[in-house]
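A quick write-up on the structure given underneath.
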Amino acid sequence: MAAEDRRHAVQELEPDLEHDADGAEELEVSRIQALLQDRRKLVSGMVLVLLLVVAIYVLFPKIVGADEAVANLDEAKWYWVVVAIGFNVLAFGTRDDSVHRRLGVRASYLITMAGLAATRLFSAAGAGGLVLTYWALRKAGVPRRRAACRMVAFLVLTYFVYLVALVIFGVLLRVGVLPGRAPLAGTVVPAAIAGGIIALFLMIALIPEDFERRIQHYAQGYRRARYLQRIAKGPVTLATGTRTAISYIANPRRGLLAVGGAFGFWAAQIGILWASFEAFGGHVPFAVLVQGFFLGMAANLIPSPAGGVGAVDAGMIGAFSIFGIDNSVVFPAVLTYRVIAFWLPIPPGIVAFVQLRSTVAEWERERGESAASMATLQKVK
């Protein structure tokens, strides 16, 4: 009887948990909207960003004796800057997976661009964009578990490419298969860490699908059932998304868009950085370019009050300094990359966010009208 009571208690909890999750998503999206509407916060944020940029690209070069680095900005070859912008446009398209395509071209574009803007405004490995995209998919009618599973799968795929690249290029550089300097801190160390994280995710994939049901066995009473179910949802969703990502890789036909999107996104980002270096005459070996890029991007994991500004810039400058690239080229190249890859998508992304809010409101109105029509038909019957 006790077990039966616990089962009923957990079943009664499910609507509450879903309501809480919906509330969390709405709160995050409202927070993004409030930031865009609050002029004081926008101005203070811009001032903070400006101070960070000045500290990294003006003060720091003077400290390390690379004063000419920023002065070299006006020497950029314009056609390489155009090439970099072209790679940035390609990067937008690669973020569009199969779930988005089912919503139509316009909705897909709005979700992609709004998600990119949220990723840049709210850093920490793209968490802001992930929350906003998940919220949009839910509002579009995609079931909760399916939306969460696909989003986690796409995120796992994206960072799987990131981790595998660190391992492959780190090892091949170190053993001399690929040309370029191969310092221990820039090759073996990140490769070992990346390999450990890959192994961890493979173990996470082994978490059983019925983990929630199993953990409910230990629940005794309403409060404990609620607590344990909240804990179980995270690992189960992560494990399901990881298994989905693995199935995409194992079945290329099924996961072509998702896998291609993950590879394409990073390839386009590296293309932007490559063109930025070329704009200042910096001919960086390909393997060093890739390894330095991914090593520097690790700084994106650091939560930043200014949407990653400062952390990634410093991370990339430091990474390429480890590989011995001349600071007079690194500073202007990284600044150019960040302007094109980071700042350029923000204005159209903000516009897309505003339009997405209107589109979501239209979806909800249509669903309301459809539900009312169905209710009227049932009464007639």
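The analysis underlying the following values was restricted to heavy atoms, covering all of them including side chains, and did not include hydrogens, waters or symmetry mates. Note that the numbering runs from 1 along the sequence shown for the chain.
In this structure, Phe293 has its ring center at least 6.0 angstrom away from the ring center of Trp274.
Between the side chain of Arg174 and the backbone N or O of Val188 there is no donor-acceptor pair closer than 3.5 Å. Within the 3.5 Å criterion, the main-chain N or O of Phe294 finds a donor-acceptor partner in the side chain of Tyr162. A donor-acceptor pair under 3.5 Å links the side-chain atoms of Gln291 to the main chain of Gly186, judged by distance alone.
The two atoms that bring Val330 and Ile317 nearest to each other are CG1-CA, 3.8 Å, heavy atoms only.
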Contacts table for residues 78-86: side-chain donor-acceptor under 3.5 angstrom, sequence neighbours left out:
none

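Checked options Leu166, Val161, Ile168; the residue passing with Val164 is Ile168 (criterion: side chain to side chain contact (heavy atoms under 4.5 Å, CB included)).
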- Verify side-chain contact (heavy atoms from CB on, under 4.5 Å) between Ile270 and Leu273, making sure each step is shown before the conclusion. CA-CA 5 Å; Ile270 293 171; Leu273 183 60; 5.6 Å; no

- Please lay out, stage by stage, how Trp266 and Val290 fare under the test side-chain contact (heavy atoms from CB on, under 4.5 Å). CA-CA 10 Å; Trp266 291 122; Val290 175; over 6 Å; no

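Here Thr240 pairs with Cys149, Val236, Arg243, Thr244 under the side chain to side chain contact (heavy atoms under 4.5 Å, CB included) rule; sequence neighbours left out. A search for ring-ring contact (aromatic ring centres under 6.0 Å, His included) contacts involving Phe160 returns nothing, not counting sequence neighbours. Listed by chain and residue number, Phe320 satisfy the ring-ring contact (aromatic ring centres under 6.0 Å, His included) test with Phe277 (two or more places apart in sequence, or in another chain). Applying the side chain to side chain contact (heavy atoms under 4.5 Å, CB included) test to Pro183 and every residue at least two apart in sequence or in another chain returns Arg181, Ile322, Phe323.
For residues 164-184, the pairs satisfying ring pair (Phe, Tyr, Trp, His ring centres under 6.0 Å) are Phe169-Phe286, with sequence neighbours left out.
Interatomic distance, Thr242 OG1 to Phe201 CZ, rounded to the nearest 0.5 Å: 6.0 Å.
Residues Leu157 and Ile249 are in side-chain contact: their nearest non-hydrogen atoms beyond the backbone lie under 4.5 Å apart.
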